[in-house]
Enquirer: 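Right, I'll just put the structure down here and ask away after.
Keep in mind that the numbers below use all heavy atoms, side chains included, and drop hydrogens, waters and symmetry copies. These figures come from a predicted structure and were not determined experimentally. Chain A is the first sequence line, chain B the second, and so forth, proteins listed ahead of strands; every chain is numbered from 1.
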Number of protein chains: 2
Amino acid sequence: MAVRRQPTLRDVAAAAGVAVSTASRALTRPGRVNADTADRVVAVAKELGYIPSASARALLSGRTATVALVLPDVTNPFFFGLVRGTGARLRESGYVQVLADTEESAEVEADTLRKLRGQVDGAVLAASRLSDEQIAAAAADLALVVVNRTIPGTPGVLLDTAGGMVRALEHLASLGHRRVAYASGPATSWSDGRRREALLPAAARLGVELVVVGPYAPVRQAGAQAADAALAAGATAVVAFNDLLAFGVLERLDALGVPVPERMSVIGCDDIFGADLVRPALTTVESPVERAGRMAADLLLARLEGDQTDDEPTGADLDDEPLAHPRDAADPVLLPTHLVVRSSTGAAG
Amino acid sequence: MAVRRQPTLRDVAAAAGVAVSTASRALTRPGRVNADTADRVVAVAKELGYIPSASARALLSGRTATVALVLPDVTNPFFFGLVRGTGARLRESGYVQVLADTEESAEVEADTLRKLRGQVDGAVLAASRLSDEQIAAAAADLALVVVNRTIPGTPGVLLDTAGGMVRALEHLASLGHRRVAYASGPATSWSDGRRREALLPAAARLGVELVVVGPYAPVRQAGAQAADAALAAGATAVVAFNDLLAFGVLERLDALGVPVPERMSVIGCDDIFGADLVRPALTTVESPVERAGRMAADLLLARLEGDQTDDEPTGADLDDEPLAHPRDAADPVLLPTHLVVRSSTGAAG
DNA sequence: ATGAAAGCGCTAACAG
DNA sequence: CTGTTAGCGCTTTCAT
């Protein structure tokens, strides 16, 4: 197991009867070396099973061809799409994806980010628990792209779940609901704040009374409390922070014998795996998470590949070409969401 | 973004007024240096925000403190537990986890493994699509632990799903089922072979007629065909290769108006997220996937940490101490599974 | 077109 | 206890 010493470039060069520098060129810039020599080197390298050392390359170039995806909780199905989306995009460009779970802790997250510096070329930071300032600080040391967060100067991808929730409310209003509960997510969740900001005026406009209950942890178990709270509030419908919570609400209502959607309509958010499996199937706000992941990776790679301007750029350059590469055009990309109506919503009881 | 040059050990040494080697020692072996000096160096390092270069360390030591988890498909919920289990264990020991998706392709897998060599200290290989020989070959270059696979000389963790399926069959037999369909998984799946080997004799013993249908891709969509095949075979119960497939079976039966479990019992495997959410809730073979992940990581780390015997061991050592560290005691760990009975199984129609 | 040599950041001898 | 030196594997000047 893992014993055999790996052949180095020196071995290849020796076997091919050339200098290491020639071997290096033959392998990386075949054009800048005699065709015959190049072929020979390549052949020898292949025969020896030579694989360039990533560490040596990284040490020399400062680039690791590795990107981290930093998440509060790898097991939350919501993030699966991100893992997949960023992973796919990164792989396409020959990057390696490393996964970092911060266990919902701001401290662990800050620590992770610090350690990551130097290990990776950049990171996609999703649903960060850090403050704007902390993120901005981290962004000074490590190429960062944030998902579902707005940090001035840092590129980001936003999923418009707030908009989706407004459409969910409109849907409920059209079904005759007049008293709707919003089962809110973690107090530290940036998304949750945005949604509340969007839901309140929308409710007023629609003539719907919105009762905010919570905050709840975005997990199934918390759904029981949310269901009870919605019931107690006299709501005929409940919009949950996410599908996990909505699943829990459905379970609780089922256990209580409250028919869905006859006496209570339920709407989730994210359309995670399972939303169409539960009975009744869950009406939910679908967000293109995988696309968000791809896009986040895209943004990051663009920065990374663009950072070819190694040697300290002159001051002049900094102020020039504001069009080609506008400094503060890091306006986050906003991805639209849409409401998927299933059987968990119906006319107001 | 990511501009500021990181301080190196040299910067720290200079700022502290010592030689780099002293700074190095102060930071890594505080005991072997004057306490005052050490304190000063540490203070300076902290002030400068010094972080040792992983690349340089790796280049020098040959160890990257990184372990890869290689999977055929990151999006398959079955693997979530593995991601979580290995990730948790690795993090505990200060290792970084990298995720590699081989897209269900043996070629991509072989390629990935080759590239990984040098980038990581070892890898956990789950549900490999490679042949035993290919895996054994890869294991010569990279510390490997396999999950759900038996490779002589390579440590592994096995989930006893075959045993679980036999218990599932016993459960069905006790409910009076006499004709049961097994919706088999991919032909290349090692697990599937094991299960068939276990199910056939068990069926004979139980006086149950087992009809093997398939093979099917382990995905929801394939469940429709499986359901139809089970129906056509006149079975009163179907055991599916995995929960994903079972979900599809449930959906199809629902669409066809076949009541579950009245006219058809359904059993899945893995107890993935959602198995208790579907209606009727799915009876399934639960396997401790997360534990398997932890254990796989454990085995790998044991090898890694144990591999302190750098300089080529003498031939003598190889034959000695067969007890302390038995060479071929790489007997795979077998983790027990158990049947979770839910409402998708009932008495034979 | 090719070789020799320097050096990325760090640690491990080897002096002193 | 601390400084000097060498070298991990590679790319990249700089010569030739």
Enquirer: What's the separation between atom CG in A/Leu130 and atom CG in A/Leu113, rounded to the nearest 0.5 Å?
Expert: 6.5 Å
Enquirer: Only counting residues at least two apart or in another chain, list the ones meeting side-chain hydrogen bond (donor to acceptor under 3.5 Å, both in side chains) with B/Asp132.
Expert: B/Arg149
Enquirer: Test of understanding: with side chain to side chain contact (heavy atoms under 4.5 Å, CB included), list the residues that count as partners of B/Ala100, not counting sequence neighbours.
Expert: B/Val70, B/Thr112
Enquirer: Give the rounded distance in Å between these two atoms: CZ of B/Arg40 and C1' of D/dC1.
Expert: 13 Å
Enquirer: Which residues pass the side-chain hydrogen bond (donor to acceptor under 3.5 Å, both in side chains) test with B/Ser93, not counting sequence neighbours?
Expert: B/Arg89
Enquirer: Just jot down the side chain to side chain contact (heavy atoms under 4.5 Å, CB included) partners of A/Ala14, sequence neighbours excluded, or say none.
Expert: none
Enquirer: B/Arg91: which residues meet the salt bridge (Lys or Arg N to Asp or Glu O under 4.0 Å) condition with it, sequence neighbours left out?
Expert: A/Glu103
Enquirer: For the helix from C/dA1-D/dT16 to C/dG16-D/dC1, figure out the bend between the end axes, five pairs an end, and round to 10 degrees.
Expert: 50°
Enquirer: NA contact type, A/Ser61, heavy-atom cut-off 4.0 Å: base, sugar-phosphate, or nothing?
Expert: nothing
Enquirer: What are the bounds, 5' to 3', of the part of DNA chain C that sits under 4.0 Å from heavy atoms of chain A?
Expert: C/dA1 to C/dG9
Enquirer: Among residues at least two apart in sequence or on other chains, which ones pass salt bridge (Lys or Arg N to Asp or Glu O under 4.0 Å) with B/Arg114?
Expert: B/Asp111
Enquirer: What string of B, S and - do you get for nucleotides 7-13 of chain D, 5' to 3', when a contact is any protein heavy atom under 4.0 Å?
Expert: BBBBBBB
Enquirer: Can you list the residues that meet the side-chain hydrogen bond (donor to acceptor under 3.5 Å, both in side chains) rule with B/Tyr50, with sequence neighbours excluded?
Expert: none
Enquirer: What integer distance in Å separates B/Leu27:CG from D/dC1:P?
Expert: 17 Å
Enquirer: Sequence neighbours left out, what passes side chain to side chain contact (heavy atoms under 4.5 Å, CB included) with A/Thr150? Give chain and number order.
Expert: A/Leu158, A/Trp190, A/Pro332
Enquirer: Please identify each residue that fulfils side-chain hydrogen bond (donor to acceptor under 3.5 Å, both in side chains) with B/Ser55, with sequence neighbours left out.
Expert: none
